[in-house]
Participant: 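Provided herewith is a single structure, encoded as structure tokens, for subsequent inquiry.
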Amino acid sequence: MADKPEKFIDENGIRSDGRRANEIRDVKIEVGVLSRADGSCYLEFGKNKVMAAVYGPREVHPRHQQKSNRAIVRYKYNMASFSVEDRKRPGPDRRSIEVSKVSREALEDQIFTEYFPKSAIDVFVEVLQADAGTRTAALNAASVALADAGIPMRSLVSACAVGKVDDTLVLDLNKDEDNYGQADMPIAMTPDGKITLLQMDGHLTQEEFKQGLEMAQEGCRQVYEMQRKALMDHYSKKTEVLSTEVTAAEDVKGDAPEEPEDVTPVEVLEDTEDTDKIDDTNETGDTKETEGTKETGDTEETEDTVKAGDVEELEDSGEEVPDTGENADETDGQMDESEEEISNE
């Protein structure tokens, strides 16, 4: 552990890390970094590096812990053994159990647990590198991970700490200020100012407490804007990717050969039926015409043959061939007499 610095704030009001009293550390937030979690977030708060993952709503194990009218929220805070200068003993300890309890209560108040009876929502937070204010950094990451998992919430929860060093209130304490300062007060609240977590270690007067609340509220507001921006950037990129995929699919579909507009399955069926009708009509008509032609032709041929035979026979017998036309009836009578004479012979 480093030695206590002589001064935390110089004559110009600049702190040891170059910030002013009312400034927070640099914040970096990445959403959706774990593919196997329902929601996840990686957050850097100064030198703090935190990973949060959310699973659920899912089935409760063991079953006797489930609630019939709401979901239970389980929050596990853990510091990796390599997260601090002196190696930390792995596994839960009194501090991690206490931080897990107060953090769960800070988030559970903003989750619509009544929407998921008999289920569980699990939040896991792993501190990869610690530099004071890990519980507030973990809360910020967990809140974003819950939103990424699609858990319905009343609002995001933003957290920030305020403390006192050199008899001066400062926002977002760093490691030295946390270890050697006069007071430390982590606070979590919603955008509308509702406080879901407030703890204090040290001594503050009533005026300092009120002023510290105002400073913490401003710090939480800045954190909230960063959380909101990170979520919007993440999902706007997803929307762009989806729209690009849809556009590519439409382009591929557009390049494919199009079917003729005048040929559709319905029209083909209709044409087939019409064709069948026409074919049937043609075949029937042709048949009838053929049959009619054959019958007519046969009759005419027969009559012509009979007439030709009669004429030849009449010529052989030396009789005159009857004329056609006006004397048709007489010719018919003579033909009949000739036929009788031929038969008698």
Participant: So how far is it from R70 CZ to F116 CZ, rounded to the nearest 0.5 Å?
Facilitator: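 So the gap between those two atoms works out to 14.0 Å.
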
Participant: What distance do K101 atom NZ and S96 atom OG have between them, rounded to the nearest 0.5 Å?
Facilitator: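 Taking NZ in K101 and OG in S96, the distance rounds to 14.0 Å.
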
Participant: Applying the 4.5 Å side-chain criterion to the ILVMFWY set and letting contacts propagate, would Y77 and I121 be lumped into a single cluster?
Facilitator: yes

Participant: Among side-chain atoms of S158 and Q227, is any donor-acceptor pair under 3.5 angstrom?
Facilitator: yes

Participant: May I ask you to decide if K47's main-chain N or O and Q129's side chain share a donor-acceptor pair within less than 3.5 Å?
Facilitator: yes

Participant: List the steps and the verdict of side chain to side chain contact (heavy atoms under 4.5 Å, CB included) for I29 and Y42.
Facilitator: CA-CA 6 Å; I29 303 176; Y42 171 75; over 6 Å; no

Participant: Calculate, to the nearest 0.5 Å, the distance between atoms CD and NZ belonging to E44 and K28 respectively.
Facilitator: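 Atom-to-atom, E44:CD and K28:NZ are 5.0 Å apart.
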
Participant: According to salt bridge (Lys or Arg N to Asp or Glu O under 4.0 Å), who are the partners of R95, at least two apart in sequence or on a separate chain?
Facilitator: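 Partners of R95 under the salt bridge (Lys or Arg N to Asp or Glu O under 4.0 Å) test: none.
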
Participant: Quick one: are L197 and L139 in side-chain contact, heavy atoms under 4.5 Å?
Facilitator: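 Touching, per the 4.5 Å side-chain cut-off.
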
Participant: Side-chain contact, heavy-atom cut-off 4.5 Å: P152 with I111?
Facilitator: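 Of all side-chain heavy-atom pairs linking I111 with P152, none is under 4.5 Å.
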
Participant: Quick one: does S40's side chain have a donor or acceptor within less than 3.5 Å of a partner on A37's backbone?
Facilitator: no

Participant: Are V127 and N78 close enough that some pair of their side-chain heavy atoms sits under 4.5 Å apart?
Facilitator: no

Participant: With sequence neighbours left out, which residue pairs that include part of residues 148-162 fulfil the salt bridge (charged side-chain N to carboxylate O under 4.0 Å, His left out) condition?
Facilitator: E114-R154

Participant: Is any side-chain heavy atom of V84 closer than 4.5 Å to a side-chain heavy atom of M79?
Facilitator: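 Yes, their side chains come closer than 4.5 Å.
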
Participant: Step through the shown structure and confirm whether more than 12 heavy atoms of other residues, nucleotides or ligands are within 6.0 Å of NE2 on H203.
Facilitator: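 Check fails, neighbour count at 12 or below.
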
Participant: Could you tell me whether D131 and K175 have a side-chain N and a carboxylate O separated by less than 4.0 Å?
Facilitator: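 Judged by the 4.0 Å cut-off on N to carboxylate O distance, D131 and K175 do not form a salt bridge.
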
Participant: Is D10 reaching over with its side chain to a backbone N or O of N12, donor-acceptor style, under 3.5 angstrom?
Facilitator: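 Between the backbone of N12 and the side chain of D10 there is a qualifying donor-acceptor contact (under 3.5 Å).
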
Participant: Evaluate D93 against K88 for salt bridge (Lys or Arg N to Asp or Glu O under 4.0 Å), listing each step before the verdict.
Facilitator: CA-CA 10 Å; D93 53 19; K88 177 186 174 296; 3.7 Å; yes

Participant: Is there a side-chain contact between S155 and T190 in this structure, where contact means two heavy atoms from C-beta onward sitting under 4.5 Å apart?
Facilitator: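 Yes, side chains in contact.
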
Participant: Inspect the surroundings of CG in D201 and state if more than 12 heavy atoms from other residues, nucleotides or ligands are less than 6.0 Å away.
Facilitator: no

Participant: So that I can tick it off, tell me whether D122 and K76 are bridged by a salt bridge, with the cut-off set at under 4.0 angstrom between side-chain N and carboxylate O.
Facilitator: no

Participant: Thinking salt bridges, do D233 and K229 make one under a 4.0 Å N-O criterion?
Facilitator: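 Answer for the salt bridge query: yes.
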
Participant: Please round to the nearest 0.5 Å and tell me the distance separating atom CD of E218 and atom CG of N22.
Facilitator: 8.0 Å

Participant: I'd like to know whether I9 forms a side chain to side chain contact (heavy atoms under 4.5 Å, CB included) with I14, so could you lay out the CA-CA distance, the side-chain angles of the two residues, the decisive distance to 0.1 Å, and finally the verdict.
Facilitator: CA-CA 5 Å; I9 303 176; I14 304 300; over 6 Å; no

Participant: Honestly curious: do L43 and L128 fall in one hydrophobic cluster under the side-chain, below-4.5 Å linking rule?
Facilitator: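 Per the 4.5 Å side-chain linkage, L43 and L128 are not co-clustered.
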
Participant: Using the rule that Ile, Leu, Val, Met, Phe, Trp and Tyr join whenever any side-chain heavy atoms are under 4.5 Å apart, tell me whether M51 and Y75 fall into a single cluster.
Facilitator: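 The answer is no; the residues belong to distinct hydrophobic clusters.
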
Participant: Would you call E177 and R15 a side-chain contact if the rule is heavy atoms closer than 4.5 Å?
Facilitator: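 Yes, at least one pair of side-chain atoms sits under 4.5 Å.
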
Participant: Under 4.5 Å between side-chain heavy atoms, hopping through other hydrophobics if needed: is there a path connecting L213 to M200?
Facilitator: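 Yes: a chain of side-chain contacts under 4.5 Å links L213 to M200.
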
Participant: Does S236 reach the main-chain N or O of M232 with its side chain, forming a donor-acceptor pair under 3.5 Å?
Facilitator: yes

Participant: Applying side-chain contact (heavy atoms from CB on, under 4.5 Å), can you list everything that pairs with K164, at least two apart in sequence or on another chain?
Facilitator: D167, L169, Q182, A183, L204, E208

Participant: Is it true that atom CG of D17 has more than 12 heavy atoms of other residues, nucleotides or ligands lying nearer than 6.0 Å?
Facilitator: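 Enclosed: over 12 neighbouring heavy atoms sit under 6.0 Å from CG of D17.
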
Participant: Are any side-chain N or O atoms of D172 and backbone N or O atoms of R25, one a donor and one an acceptor, separated by less than 3.5 Å?
Facilitator: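 Checking the backbone N and O of R25 against the side chain of D172, a donor-acceptor pair under 3.5 Å is found.
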
Participant: Between C160 and N140, is there a side-chain heavy-atom distance shorter than 4.5 Å?
Facilitator: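 No, every pair of side-chain atoms sits at 4.5 Å or beyond.
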
Participant: Nearest 0.5 angstrom please: I24 CD1 to L171 CG, how far?
Facilitator: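 Answer for the CD1-CG pair, I24 versus L171, is 7.0 Å.
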
Participant: Enter the distance from H61:NE2 to Q66:CD here, rounded to the nearest 0.5 Å.
Facilitator: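 So the gap between those two atoms works out to 9.5 Å.
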
Participant: Is any NZ, NE, NH1 or NH2 atom of the basic residue among D192 and K194 found under 4.0 Å from an Asp or Glu carboxylate oxygen of the other?
Facilitator: no

Participant: With Y224, which of R228, R221, M226 fulfils side-chain contact (heavy atoms from CB on, under 4.5 Å)?
Facilitator: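 When R228, R221, M226 are each tested with Y224, the side-chain contact (heavy atoms from CB on, under 4.5 Å) holds only for R228.
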
Participant: Answer with yes or no whether the hydrophobic clustering places V99 together with I187; edges join I, L, V, M, F, W, Y residues whose side-chain heavy atoms lie under 4.5 Å apart.
Facilitator: no

Participant: Can you tell if the side chain of L146 reaches within under 4.5 Å of the side chain of L107, non-hydrogen atoms only?
Facilitator: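 In short, these two side chains touch, coming nearer than 4.5 Å.
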
